[in-house]
Amino acid sequence: MSNQANSPVRVRFAPSPTGYLHIGGARTALFNYLFARKHQGVFVLRIEDTDRGRSTPEAVKAILDGLRFLGLDWDEGPEKGGEYGPYFQSERIASYNRYIDQLLARGRAYRCFCSKERVDRLREEQKARKERMHYDRKCRGLEAGEADRRAGAGEPHVVRFAVPEGRTVVHDHIRGDVVFEHQEIDDFIIQRADRTCIYNFAVVGDDTEMKITHVIRGEDHLSNTPKQILLFRALDLTVPEYAHIPLILGPGREKLSKRHGAVSVTEYQEKGYLPEAMVNFLARLGWSYDDKQEIFSMEELIEKFSLEGISKSGAMYDLKKLNHLGAHYIRKRGLEEIVELAIPHLVRGGLLHEGEALSGRPRLVRMVALEKDRIEHLSQLADKLCFYFQELKGLEAPAVKQLQSRPDMLEKLGRYAEALAARFDERDPKVMEAATRQFAEAQKMELKDIAQAARAALTGRTVTPPLFDVMAVLGKEACLRRLKEVRKLLG
RNA sequence: GACCCCAUCGUCUAGUCAGGCCUAGGACAUCGGGUUUUCAUCCCGGUAACAGGGGUUCAAAUCCCCUUGGGGUCACCA
């Protein structure tokens with residue numbers, strides 16, 4: 001394989017901007033980033049936008065935003081520049097025609113004048129005969145002089161690579177040696193009729209000029225690799241090292257697609273998953289360190305990452321696990337930070353208006369404090385906190401059931417409200433707790449019975465943070481009113 | 001269809017390269033219990049896997065072969 005042990009590590013993430021940054025791409029980017037940081041190398045971002053039809057500026061933005069959100073800052077690339085730019089493939093492919101000429105001159109590539117129609121027909125026939133679909137190399141035998149003359153005369157043609165006899169071995173850091181017989185490889189097109197070059201060729205040019213030492217990419221590129229190696233060799237260029245990482249699968253082990261729910265980083269970002277949760281989740285999807293550690297900070301990942309730790313088989317992504325990590329990292333963050341991050345979600349949820357957050361801040365902090373350890377992502381807050389902001393419009397079914405658990409429950413709540421009226425302190429939940437315990441004892445009720453009923457009346461739910469904490473934040477006035485008027489909601 | 005890759009609990013995986021320490025470990029999920037005003041946290045415990053078949057060997061989850069299953073690639077897309 002190549003001998004680049006002495007060159008500084010340079011890796012790249014090379015997405016094509018045809019949509020959002022999806023989970024799989026994000027993980028590929030992460031692995032590249034980790035590898036670069038681990039080896040004090042350089043992480044290059046290159047946008048492969050040569051498919052003019054499908055590439056969009058919006059997609060470029062989505063990719064950059066997604067990477068930024070995850071904290072995968074690139075050293076060279078869009079908005080950053082660098083020594084080996086430009087970093088948009090569309091701006092560099094023109095310069096690759098000299099490589100094409102070199103190949104032509106060496107007889108390693110040839111002009112093919114076959115029409116698309118003829119090639120299509122060929123393919124149809126081969127398909128009908130159940131043969132391997134190959135270009136028949138008709139133009140390979142053309143004399144170079146004649147080919148040049150016809151090309152010079154303006155006859156439309158493409159350039160094909162003349163695949164030699166033999167075999168190519170891909171030395172893959174994850175898969176070991178993978179052998180491809182050249183008979184299986186078509187004389188593939190490297191330059192289109194419009195003189196622009198094809199992906200497999202552009203990659204070779206780009207990776208060479210950007211001095212990429214390690215290509216870490218999805219396994220879907222494995223069968224492209226021998227073609228690229230062939231090109232590197234024909235051009236006397238250094239072949240980079242390879243690591244093809246397994247794909248991420250959807251439930252059912254099919255290829256992950258939009259049908260499987262949120263697959264773009266943006267969607268998770270909007271739901272309010274913390275970036276460190278996403279990073280930890282992505283990292284452990286197809287990579288492991290040992291049989292002990294599941295929680296990794298970015299710093300630890302950089303320290304502990306290795307290509308050897310990447311597994312060979314495809315990984316199904318599991319939302320449950322993401323949720324677990326999401327909850328973990330929210331608990332781990334500071335309260336003030338979470339409040340800050342939560343505000344946009346509360347605004348979007350209609351609980352706050354821009355600007356309102358400031359005046360109500362102390363109370364908001366108390367609310368978030370109660371929910372912080374109970375959520376997996378920030379947008380859950382909008383639902384969890386709504387009963388503080390809005391009058392109850394109804395009760396959840398279990399809450400109704402709770403209130404009807406005994407015939408005199410509403411009456412009890414009325415009395416409870418009176419008992420509470422005398423002893424309520426919005427700064428100290430213990431006061432309400434003491435009052436409630438006393439009330440329960442006097443009424444010969446279990447604490448939990450009156451507490452659960454009160455919870456239902458106050459919040460419309462049976463599941464909330466500790467009741468007396470909720471009361472303190474909800475406030476005396478609202479608490480008493482809701483306890484007395486819950487009858488109206490039962491209709 | 002051809003070529004290539006892959007195969008341990010439901011899921012992510014450790015163990016496989018250097019065969020015995022594996023009556024296969026952890027995490028998520030799930031089930032049960034403890035703490036508790038509900039939930040969450042926390043603690044304790046349970047269910048659950050080496051795809052199948054042949055070899056090699058004193059010994060195989062680990063090595064070899066076959067089968068099966070899954071995935072990827074076969075464009076003037078990237």
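Throughout, protein chains are lettered first and strands after them, A, B, ... in sequence-line order, and every chain is numbered starting at 1.
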K.L.:
Taking the nucleotide of RNA chain B with the closest heavy atom to each, which residue, A/Arg175 or A/Ala451, is nearer the 5' end?
P.N.:
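That would be A/Arg175.
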K.L.:
Listed in order of residue number, which residues of residues 218-228 of chain A have a non-hydrogen atom at under 4.0 Å from RNA chain B?
P.N.:
A/Glu219, A/Asp220, A/His221, A/Leu222, A/Ser223, A/Asn224
K.L.:
Could you work out the separation of B/A60 and B/U41 based on their C1' atoms and round it to a whole Å?
P.N.:
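It works out to 44 Å between them.
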K.L.:
When we call it a touch if two heavy atoms are under 4.0 Å apart, what does A/Pro465 touch: a base, just sugar-phosphate, or nothing?
P.N.:
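Here A/Pro465 touches the bases of the nucleic acid.
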K.L.:
B/A59 pairs with which nucleotide, Watson-Crick or G-U wobble, both distances below 3.5 Å?
P.N.:
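By the stated definition (distances under 3.5 Å), nothing pairs with B/A59.
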K.L.:
For B/C22, give the paired nucleotide (Watson-Crick: N1-N3 plus N6-O4 or O6-N4; G-U: N1-O2 and O6-N3; both under 3.5 Å), or none.
P.N.:
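When the pairing criteria are applied, nothing turns out to pair with B/C22, so the answer is none.
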K.L.:
Do any pairs count as a side-chain hydrogen bond (donor to acceptor under 3.5 Å, both in side chains) and have a residue in residues 12-31 of chain A, sequence neighbours left out, and if so which ones?
P.N.:
A/Arg12-A/Asp207
K.L.:
Have a look at A/Arg123 and say if it touches a base, only the backbone sugar-phosphate, or nothing, with a 4.0 Å heavy-atom cut-off.
P.N.:
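Counting heavy atoms under 4.0 Å across all strands, the contact made by A/Arg123 is with sugar-phosphate only.
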K.L.:
Just wondering, do A/His214 and A/Val11 contact through their side chains at under 4.5 Å, heavy atoms?
P.N.:
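Contact flag for A/Val11/A/His214 side chains = yes.
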K.L.:
Hey, does A/Tyr317 reach any base, or is it just sugar-phosphate, or nothing, if we go heavy atoms under 4.0 Å?
P.N.:
nothing
K.L.:
Applying the Watson-Crick and G-U wobble criteria at under 3.5 Å, what pairs with B/U16? Answer none if nothing qualifies.
P.N.:
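For B/U16, the partner nucleotide comes out as none, under the 3.5 Å rule.
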K.L.:
Could you tell me whether A/Glu184 contacts a base, only the sugar-phosphate backbone, or nothing, with contacts defined as non-hydrogen atoms closer than 4.0 Å?
P.N.:
sugar-phosphate
K.L.:
Is a side-chain donor-acceptor pair under 3.5 Å present for A/Asp136 with A/Gln126?
P.N.:
no
K.L.:
Under 4.0 Å, counting only non-hydrogen atoms across every strand here, what does A/Arg455 touch: a base, just sugar-phosphate, or nothing?
P.N.:
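Base: the residue A/Arg455, judged by heavy atoms under 4.0 Å, touches a nucleobase.
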K.L.:
With ring centroids as reference points, do A/Phe305 and A/Phe31 lie under 6.0 angstrom apart?
P.N.:
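Centroid separation for A/Phe305 and A/Phe31: below 6.0 Å.
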K.L.:
For A/Gln293, report the nucleic acid contact type (base, sugar-phosphate, nothing); a contact means any heavy atom under 4.0 Å.
P.N.:
nothing
K.L.:
With sequence neighbours excluded, what pairs up with A/Arg331 under the salt bridge (Lys or Arg N to Asp or Glu O under 4.0 Å) test?
P.N.:
none
K.L.:
Keeping to residues at least two apart or across chains, list the ring pair (Phe, Tyr, Trp, His ring centres under 6.0 Å) pairs with something in residues 365-386 of chain A.
P.N.:
A/Tyr273-A/His377
K.L.:
By the 4.0 Å heavy-atom rule, please label A/Lys321 as base, sugar-phosphate, or nothing.
P.N.:
base
K.L.:
When both hydrogen-bonding distances must be under 3.5 Å and the geometry is Watson-Crick or G-U wobble, what is B/A2 paired with, if anything?
P.N.:
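Base partner found: B/U73.
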K.L.:
Less than 4.5 Å apart, side chain to side chain, heavy atoms only: is that true for A/Ile229 and A/Phe180?
P.N.:
no
K.L.:
Just checking A/Met133: base, sugar-phosphate only, or nothing, at a heavy-atom cut-off of under 4.0 Å?
P.N.:
nothing
K.L.:
Students often get this wrong, so: under 4.0 angstrom with heavy atoms, is A/Val158 touching a base, only sugar-phosphate, or nothing?
P.N.:
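Result for A/Val158 = base.
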K.L.:
Apply salt bridge (Lys or Arg N to Asp or Glu O under 4.0 Å) to A/Glu125 and list each qualifying residue two or more places apart in sequence or on a separate chain.
P.N.:
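With neighbours one apart ignored, the set is A/Arg129.
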K.L.:
May I ask you to say what A/Leu467 touches in the nucleic acid, namely base, sugar-phosphate or nothing, with a heavy-atom cut-off under 4.0 Å?
P.N.:
base
K.L.:
With a 4.0 angstrom cut-off to heavy atoms of chain A, pull out the first and last contacting nucleotide of RNA chain B, in 5'-to-3' order.
P.N.:
B/A2 to B/A78
K.L.:
Identify whether NZ of Lys or CZ of Arg in A/Arg150 sits under 6.0 Å from the centre of the six-membered ring of A/Phe113 and within 45° of that ring's axis.
P.N.:
yes
K.L.:
Taking any heavy-atom pair under 4.0 Å as a contact, classify A/Thr436: base, sugar-phosphate, or nothing.
P.N.:
nothing
K.L.:
Base, sugar-phosphate, or nothing: which does A/Ala193 touch, judged by heavy atoms less than 4.0 Å apart?
P.N.:
base
K.L.:
For the residue pair A/Tyr199 and A/His221, does the interplanar ring angle fall in the parallel (under 30°), tilted (30 to 60°) or perpendicular (over 60°) class?
P.N.:
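The rings of A/Tyr199 and A/His221 sit tilted, inter-plane angle from 30° to 60°.
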K.L.:
Heavy atoms only, 4.0 Å cut-off, all strands: where does A/Val119 land among base, sugar-phosphate and nothing?
P.N.:
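Nothing, no heavy atom under 4.0 Å.
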